[in-house]
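Because the structure is a prediction, the values reported are computed rather than measured. Note that these values count all heavy atoms, side chains included, but never hydrogens, waters or copies made by symmetry.
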Amino acid sequence: MARDKTNEDYIGPIRRLLVGLLVLALVGLFLIWRIDSPRVERFRAAAIDAVVPSFDWAMAPITGAANLLSDFESYRQLRAQNQDLRRELQQMKAWKEAALQLEQENAKLLDLNNVSLDPQLTYVTGVVITDSGSPFRQSVLVNVGARDGILDGWPTMDGIGLVGRIAGVGNETSRVMLLTDTSSRIPVTIQPSGQKAILAGDNSLNPPLEFLDDTAFVRPGDRVVSSGDGGIFPADLLVGQVALDTADRLRVRLAADYQRLEFLRVLRSQPHEAIPDPDQLLAPDAEFLEPASVNPVALQSQEAADG
């Protein structure tokens, strides 16, 4: 097959011409860039100003990555500061809770000091260490016992009202049976009517009044105090106030705060005088007195003196 010599004659010279022009342009660019001249410097500055800004789009990913790294570092610092602030806030909450507990304990201790009791009654203040109650038994443990002189049966109070009585004494602890326990029965007096009743525990915070003489003289809000009958408790210890439930049954709203029993005052109840022979309390009847034996000699001497 014959070659087209006419096309080969034109392509060769054009290729050489283009290569020569490219070489001359590069040499001229090199020379211009190397020449120290104010005009050439202005030309170079104008060329740079015209070409370089057009490369901002190419620098955008690098600039964005740098900004992202800077933002991430700032976020890491903010996260660390946030964690420090959270820890400080948690510590402040703990301090606040401790301050509130100390304030409540101080208020309860002040209440204990302000309770007016019989001057003959002395007491020992104990701390409630645990609740040993159950659905069928209402009691707490205090950190005073036989080493503190505690005896079984002594009454206990909080800052305001009667709580219960000692029902078990150990060397260092004692169990307090609360008034709400089903085994608790104490005689009370309702003021101002003076009605007598029995406060019977039923495992509720508002135990009922039983064996009340006349309910017509009792009103909700009446004051309930211990009567002292039977020697169980000293008289006139505050128990609570009369309340009426939904079934129109008289109950007692206890004055003691059973939800927050922290300190209890154990009263040293004075023992009652034992009466070995109750018959000695009754004076003999005159008609049953036997006549005394008469001495005849003494009678004659008395008559001679009278005569």
Side-chain angles (χ1 to χ4, degrees), residues 101-189 198-208 224-240 252-274:
Q101 291 179 359
L102 290 176
E103 182 180 1
Q104 292 175 358
E105 292 179 1
N106 187 27
K108 291 182 179 181
L109 290 174
L110 290 176
D111 290 338
L112 286 174
N113 292 329
N114 292 331
V115 174
S116 58
L117 297 174
D118 188 348
Q120 296 182 354
L121 292 176
T122 58
Y123 56 86
V124 177
T125 301
V127 178
V128 176
I129 56 178
T130 185
D131 182 357
S132 62
S134 67
F136 307 100
R137 190 177 189 180
Q138 300 288 325
S139 63
V140 295
L141 292 179
V142 292
N143 64 342
V144 290
R147 66 176 182 179
D148 303 294
I150 305 299
L151 296 179
D152 196 13
W154 281 2
T156 60
M157 300 183 67
D158 70 345
I160 301 177
L162 191 64
V163 172
R165 64 181 177 85
I166 300 295
V169 181
N171 186 36
E172 299 180 356
T173 60
S174 300
R175 186 173 70 88
V176 178
M177 184 174 67
L178 305 180
L179 298 181
T180 56
D181 190 272
T182 54
S183 301
S184 175
R185 298 289 188 276
I186 65 167
V188 295
T189 301
I198 298 295
L199 181 67
D202 62 348
N203 286 343
S204 70
L205 293 179
N206 299 313
V224 180
V225 297
S226 60
S227 65
D229 296 337
I232 301 177
F233 293 109
D236 298 327
L237 298 179
L238 178 62
V239 177
V252 176
R253 184 180 294 110
L254 299 175
D257 189 0
Y258 280 75
Q259 300 297 331
R260 297 179 179 179
L261 292 179
E262 296 183 13
F263 300 96
L264 291 182
R265 171 181 289 179
V266 182
L267 303 181
R268 291 191 178 97
S269 181
Q270 300 296 328
H272 294 272
E273 180 182 359

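Scored by the salt bridge (charged side-chain N to carboxylate O under 4.0 Å, His left out) test, D152 finds no partners at all (sequence neighbours excluded). Applying the side-chain hydrogen bond (donor to acceptor under 3.5 Å, both in side chains) criterion to D229, with sequence neighbours excluded, gives S227. Scored by the side-chain hydrogen bond (donor to acceptor under 3.5 Å, both in side chains) test, T189 finds K196 as partners (sequence neighbours excluded). For the side-chain contact (heavy atoms from CB on, under 4.5 Å) test, residues two or more places apart in sequence or in another chain that qualify with L205 are Y258, Q259. T173 pairs by the side-chain contact (heavy atoms from CB on, under 4.5 Å) definition with I129, not counting sequence neighbours. Remark: D202 engages S204, P207, P208, R251 in a side-chain contact (heavy atoms from CB on, under 4.5 Å) (not counting sequence neighbours).
Shortest non-hydrogen contact noted between I160 and D158 is N-OD1, 2.9 Å. Nearest heavy-atom pair across F233 and P155 is CD2-CB, 3.1 Å. For the pair V124 and R268, the tightest heavy-atom approach, listed with the atom from each and the gap, is CG2-NH2, 3.0 Å. Smallest separation of non-hydrogen atoms from V224 and L238: O-CD1, 3.8 Å. Closest approach of I198 and P187 over heavy atoms only: CD1-CA, 3.8 Å. Taking all atoms of both residues into account, the shortest heavy-atom contact from V163 to M157 is CG2-C, 3.9 Å.
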Could you give me the CA-CA distance, side-chain angles and deciding distance for V128 and E262, then say whether side chain to side chain contact (heavy atoms under 4.5 Å, CB included) is met?
-> CA-CA 5 Å; V128 176; E262 296 183 13; 5.6 Å; no

Determine, stepwise, if the pair T156 / I166 fulfils side chain to side chain contact (heavy atoms under 4.5 Å, CB included).
-> CA-CA 7 Å; T156 60; I166 300 295; 3.8 Å; yes

Check the pair L178, L261 against side chain to side chain contact (heavy atoms under 4.5 Å, CB included), reporting the backbone distance first and the verdict last.
-> CA-CA 11 Å; L178 305 180; L261 292 179; 4.3 Å; yes

Where do V239 and L254 land on the side chain to side chain contact (heavy atoms under 4.5 Å, CB included) test, with the steps shown first?
-> CA-CA 6 Å; V239 177; L254 299 175; 4.0 Å; yes

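With S226 contributing its side chain and L237 its backbone, the two residues share a donor-acceptor pair below 3.5 Å. A donor-acceptor pair under 3.5 Å is formed between the side chain of D181 and the backbone N or O of S183. Under a 3.5 Å cut-off, the side chain of R147 and the backbone N or O of E172 do not form any donor-acceptor pair. The backbone N or O of V142 lies less than 3.5 Å from no partner atom in the side chain of S174, so there is not a single donor-acceptor pair.
Annotation for R253: atom CZ does not count as buried by contact number, only 12 or fewer foreign heavy atoms lying within 6.0 Å.
Looking at W154 and L267, their side chains never come closer than 4.5 Å, going by heavy atoms from C-beta outward.
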